[in-house]
Each structure stands twice: as C-alpha cells, then as structure tokens.
Amino acid sequence: MNPLTSVKGMRDILPPSSAVWNQVEAAARRIFARFNYREIRTPILEETALFARGVGEETDIVSKEMYTFEDRDGTSLTLRPENTASVLRAYIQQRLDQEPGVHKLYYIGPMFRRERPQKGRYRQFYQIGAEAIGSDSPAIDAEVIQMVLAILDEVGIAGYKLLINSVGSKESRARYNEILREALREAAPQMCGDCRRRAETNPLRVLDCKVPEDQPIIEKLPSILDSLDESDREHFRRVREFLDDLGIRYTVNPRLVRGLDYYARTTFEVTHGALGAQNAILGGGRYDGLAEILGSKVPAPGIGFSIGEDRLVMTAEEAQAMTPAVLDLYVAPMGEAALRHALVLATEIRKTGISVEVSTDRKLKRMLEIANKTGARYTLIIGDNEIASQSYTLKNMATGEQTSATRQKLLEHTQWLK
RNA sequence: GCGGCUGUAGCUCAGCUGGUAGUAGCGCCAGAUUGUGGUUCUGGAUGUCGAGGGUUCGAAUCCCUCCAGCCGCCCCA
C-alpha cells in the first residue's frame, strides 16, 4: 500500500518556512493594530447560498471552483472560497450596524478553491484581508490602500506596483457593459479566440486580454471611466486626491476589472514581478450594495482587500526579507545526573526569555555537531566537573571561545548573549 | 476544465540509438578524537528508476492509462 499523501493542491508548511509565515502574519497584525483594525474569525464552512448570492452565481468561483457538499440534514455547505461574504454575513447577523462608527475588521486564514494548481496558486490558500464597513467615504478607500501598502513595507517587500480603477456603481457598470458589448460587435471579430468568446459571455474580461496583437484594439475600446456617473466620478477623483496627499504612487488602469460580482466603484490590485503568471499579490475594492444582496435591511457600504499570503510569503522568501529563527542556547549534558540538572537549569533560563534546548544525546561531540547544525548561538556544557564546581562551560559557537559561567550569570543573559 | 514539459537516493542530477542503476555532488550515519562543533581524511547506509498495464528473450530507456509537480490558458489571491 502506498503511503498516504496530502490532497492535490494542498501543502504542508514546514520550518523554516513556517517561521516566515509567522513573521508575515505578525507584521500584518502590527499594521492592523496601528490602523485600529480588529480581528474577526468567521467559520470556514458556510451555507452555499452565502457565496452563491454574495460572490455571484455567474462567477468562475461559484460556478466551478467551490468545494461544496451536503450536510447530513441535506443543507448544502461550502468551504469558503473567500471571506468578504462571510464577514458581511457576520456584520449583519451580529447587528454590528447598531454600533457606532466604521467597523474595521481583519482576518487571516485559509480559503479553498478547486482550481488547477500551479506556482502561487493552491487549492487551500491563505488570505490576509481587511474590511472597513459602514462608510462610503473616499477617505476610507485611500486609508485601506495605504494600510495594505504599509503591510507590504513592514514585511520588507519592494518593487511592487499599485493599480487602481473605478468600475462605478452597479448601474453605471451595467450601462458600460452594454456600451462595451456594442463596441465589441465591431471589434471582436478581429481579436483572438478567447476574446471573441468573452465578447459574448463576459465583455469586461476582454479588457484583461494579454494577447499582444489585441492590445491596439483594446486601447480603442470605450473606457469604463467615461461611463461613470457624476457621483462615481467625484468619488474616484477624491480617492486619487487622498492618495496623492498621502504620497502614494499608483497607476490608473481603466482595464482593471475584478472577477467578483460585488465590486463597485474603487478597485485596486498590487502586482509583483517575481510571481510569474499569478502576479497579483493582493486585490481589493469597494462593495457598496453587497449587504443588501445578503438580505440586510440597512445599507452597509464597505471596502476591503485580501492579500494572497502564499504569494506574499513567496516574495518575502525570494527577497530574503525575513530573518530565520535562532536558538540562543543549546544545553549539552553528559550523563544522567547532568541531564537531570540540565532540565531544571533550562527551565530557569527560559523564564528569562531566551530560547533553550536540552540535548538528549549522549556524546559531547554529537551534541556539539547538532548545536552547530541547528545554528545555536551558545552551547552550555554540563558534566560532572561542572556540577561539582557549580560552574558551567559556556561556548560561543561562532568564535569557539569558552568561558565558565555560574547559574547566576546564565540567568543574567544580557551579560553574555549579545 | 484545456494544452505543453517533467517525474532515477533526503536534495540536485548522470545514465548515448532497450542488455537488469551511479567511486557523482550536497546531505545523512559512523570512525580518526571513551569531555569539544564548524575545516580535513576514511568508511557506510539509502532506490519497488512516480504507479499500473503493454511490446520484447530482456524496459529507467519504447507504447498506453493514471497520479503528481512545473509552465501556460481560463480565472484569481
């Protein structure tokens, strides 16, 4: 029988990579705290109807990528493919609209989409996201964008590119769809096969086409920005103005259309060259009207983003932006008595806040080898001599220098651990 | 869901047009040193050659199917 393996597209995250994940998450949490965003944890499993209505029946996500199954009572359940619908559901269900102020929430966790796996795309993938619910002020849009860029900076990512656009209200978007469809009746026959198909099924996606020959044709298609109504236009103008005030550099890309049905007005995306075909490291946008779609009687305009954590970690690892975990002290006890002594001593030293591992190997040579390979900064040798003299041998692994140290000195680690 | 490429030791890979796998590099283990690592030297272990089936006297090598990974499409984070 073959050994069991993980499910296709789902992977194990092992050390030392797991440390990078933790550092990325810690960096994000620091930034969220500075912007007064609080964590929300929603269930990984929701009723299928939530995503069908919230994300949109016609989207690829809902129509072909969800992990859906029947619960024992016949209810259709789905492993969340994204988290905005869940957060909005919680907002409505928990009546957060009855509390004052804008709700600023963040989440970190796994999402599930049954797509073909490739670099930067997994069936279980992780998102770090945030939602600001309860305001349609363009200042919130700018702040959300500023915050997500601050996370990238905190993680140590450079060389990314911010793209922004406005897809307008639901009404202007529908109007634009018609205009585009009309224009494509002329243009599509000269375009690639995919575009000819998209001209019928999803005209907005034509704008995303990467076939070089199609680019001149796409340039000439009407821009969505010309279809915006006066209030959308003003909203977008003010978002840009705020971004300018904040010194944030961006490119307006009228062809940036996002795949989820709920986006309205501001949309944005950050790409990074190191990622390959899946070059979007994060995406987001405003979703005024989503609450009503989910059955809320009160409107709850909002904007949010989600970062592809897998992609962020990949970029951080390539940029070597994170520092590996180090072991401060490796304790090498020789013999049974020394081991008993070491366990007690290690307990005391750990209380001072440094990392300590006690070896269970027997030979000193072996123990030093392990200390070296694990990258321990110091090794503490405990043998009969040391127990008798109440003075241990402390070895600096980088220099090889050995000094003797009493229990008291070890506990005051600032003396020796630089 | 579609297309292309790849799949030999823990990792990176060699193995020409079929003759039953490599003193390969790195890593791992042991010894040179029964209380001293990183350098060096010596020795050692490890493969159902991704899985299954077929062709053949004989398959890692050719054919088919499946699986996995990568790349691209679709789409997205």
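Just so it is clear: chains get the letters A, B, ... in the order the sequence lines come, proteins before strands, and each one is counted from 1.
Annotation: B:rA51 and B:rA60 have their C1' atoms spaced 14 Å apart (nearest Å). Taking atom C1' on both B:rA32 and B:rU46, the two are 24 Å apart, rounded to the nearest angstrom. Taking atom C1' in both B:rC49 and B:rG7, one finds a spacing of 10 Å when rounded to whole Å. As rounded to the nearest Å, B:rC26 and B:rC66 have C1' atoms that lie 33 Å from one another. Comparing the C1' positions of B:rU61 and B:rU55 gives an interatomic distance of 14 Å, to the nearest angstrom. Across the C1' atoms, B:rA68 and B:rU8 are found 16 Å apart, a figure rounded to whole Å. Atom name P, nucleotides B:rU39 and B:rG25: the rounded distance is 16 Å, in whole Å. Separating the C1' atom of B:rG72 from that of B:rA9 is a span of 32 Å, rounded to the nearest Å.
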* Asked: For A:Ile382 and A:Leu345, what are the C-alpha separation, side-chain angles and deciding distance, and is it a side chain to side chain contact (heavy atoms under 4.5 Å, CB included)?
  -> CA-CA 10 Å; A:Ile382 305 179; A:Leu345 182 61; 4.1 Å; yes
Is there a side chain to side chain contact (heavy atoms under 4.5 Å, CB included) between A:Asp141 and A:Ile164? Walk through the geometry before answering.
CA-CA 11 Å; A:Asp141 300 40; A:Ile164 65 169; over 6 Å; no
With salt bridge (Lys or Arg N to Asp or Glu O under 4.0 Å) as the criterion, how do A:Glu154 and A:Arg34 come out once you've worked through the C-alpha distance, each side chain's angles and the decisive distance to 0.1 Å? CA-CA 12 Å; A:Glu154 185 79 359; A:Arg34 278 185 218 163; 3.8 Å; yes
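The residue A:Gln402 sits close to a base: some heavy atom pair falls under 4.0 Å. Counting any heavy atom pair closer than 4.0 Å across all strands shown, A:Gly129 reaches no nucleic acid atom. When heavy atoms are screened at a 4.0 angstrom cut-off, A:Tyr122 is found touching base atoms of the nucleic acid. If you check every strand for non-hydrogen atoms under 4.0 Å, A:Asp310 touches nothing. If you check every strand for non-hydrogen atoms under 4.0 Å, A:Lys363 touches sugar and phosphate atoms only. Across all strands shown, A:Leu312 has no heavy atoms under 4.0 Å from either base or sugar-phosphate atoms. When heavy atoms are screened at a 4.0 angstrom cut-off, A:Leu282 is found touching the sugar-phosphate backbone but no base atom.
Screening A:Tyr37, A:Tyr287, A:Tyr91, A:Tyr106 against A:Glu131 for a side chain to side chain contact (heavy atoms under 4.5 Å, CB included) leaves a single residue, A:Tyr287.
Between A:Arg11 and A:Asp310 there is a salt bridge, with a side-chain nitrogen of the basic residue lying less than 4.0 Å from a carboxylate oxygen of the acidic one. With respect to A:Glu171 and A:Arg175, no salt bridge is recorded, no charged nitrogen being found less than 4.0 Å from a carboxylate O.
The CD1-C1' distance, from A:Ile157 to B:rA77, rounds to 14 Å in whole Å. Between the CG atom of A:Leu394 and the C1' atom of B:rG35 there is a distance of 16 Å, given to the nearest Å. In this entry the distance linking CG of A:Leu79 with C1' of B:rA77 reads 16 Å, nearest Å. The distance between atom CG of A:Leu162 and atom C1' of B:rA77, rounded to the nearest whole Å, is 16 Å. When rounded to the nearest whole Å, the span between CG of A:Asp60 and P of B:rC73 equals 15 Å. In this structure, A:Ile61 places its CD1 atom 7 Å from P of B:rC76, rounding to the nearest Å. With rounding to whole Å, A:Leu368 atom CG is found 14 Å from B:rU39 atom P. Atom CD of A:Glu269 and atom P of B:rA77 are 8 Å apart (whole Å).
A close approach under 4.0 Å does occur between a side-chain nitrogen or oxygen of A:Arg366 and OP1 or OP2 of B:rA30.
A:Glu386 and A:Thr393 share a donor-acceptor pair across their side chains, judged by distance under 3.5 Å alone. Checked by atom type, the side-chain pair A:Thr42/A:Asn83 shows a donor-acceptor distance below 3.5 Å. Looking at A:Tyr250 and A:Asp244, their side chains do bring a donor and an acceptor atom within 3.5 Å of each other.
Both A:Ala398 and A:Glu386 lie close to RNA chain B; mapped to their nearest nucleotides by heavy-atom distance, the more 5′-ward contact belongs to A:Glu386. Sequence order on RNA chain B of the closest nucleotides to A:Asp384 and A:Ile307 puts A:Asp384 first from the 5' end.
B:rG38 is unpaired under the Watson-Crick or G-U wobble criterion, no partner having all donor-acceptor distances under 3.5 Å. Using N1 to N3 plus N6-O4 or O6-N4 for Watson-Crick, or N1-O2 and O6-N3 for G-U wobble, each under 3.5 Å, B:rG25 pairs with B:rC11. Of the nucleotides present, B:rC64 is the one that pairs with B:rG52 by Watson-Crick or G-U wobble criteria, both distances under 3.5 Å. Base pairing analysis places B:rG69 opposite B:rC5; the two distances defining the Watson-Crick or G-U wobble pair are each below 3.5 Å.
For A:Lys373 against B:rG38, no side-chain N or O and base N or O form a donor-acceptor pair under 3.5 Å. The base of B:rU36 is not paired with the side chain of A:Lys365 by any donor and acceptor separated by under 3.5 Å. Under 3.5 Å, the side chain of A:Asn372 and the base of B:rG37 form at least one donor-acceptor pair of N or O atoms.
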Got a list of protein N/O to nucleotides 66-68 of chain B N/O distances below 3.5 Å?
unit_1: B:rA68; atom_1: OP2; unit_2: A:Lys8; atom_2: NZ; d: 3.0

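Contact between A:Ala85 and A:Phe51 at its shortest, heavy atoms only, is CB-CD2, 4.2 Å. Of all non-hydrogen atoms in A:Tyr107 and A:Ser306, the two that sit nearest each other are OH-CB, 3.5 Å.
Taking the side chain of A:Tyr263 as heavy atoms from C-beta on, and the options B:rC76, B:rG35, B:rA77, the nearest nucleotide is B:rA77. Comparing B:rG37, B:rC70, B:rA77 by their closest approach to the side chain of A:Ser306 singles out B:rA77. Here the side chain of A:Arg121 is nearest to one of B:rU36, B:rG72, B:rA77, namely B:rA77.
Cation-pi geometry between A:Arg240 and A:Phe236 is met: under 6.0 angstrom from the ring centre, within 45 degrees of the axis.
Applying the ring-ring contact (aromatic ring centres under 6.0 Å, His included) test to every pair with at least one member in residues 396-415 of chain A, sequence neighbours left out, gives no pairs at all.
Less than 4.0 Å separates RNA chain B from at least one heavy atom of each of the following residues of residues 110-117 of chain A: A:Arg113, A:Arg114, A:Glu115, A:Arg116.
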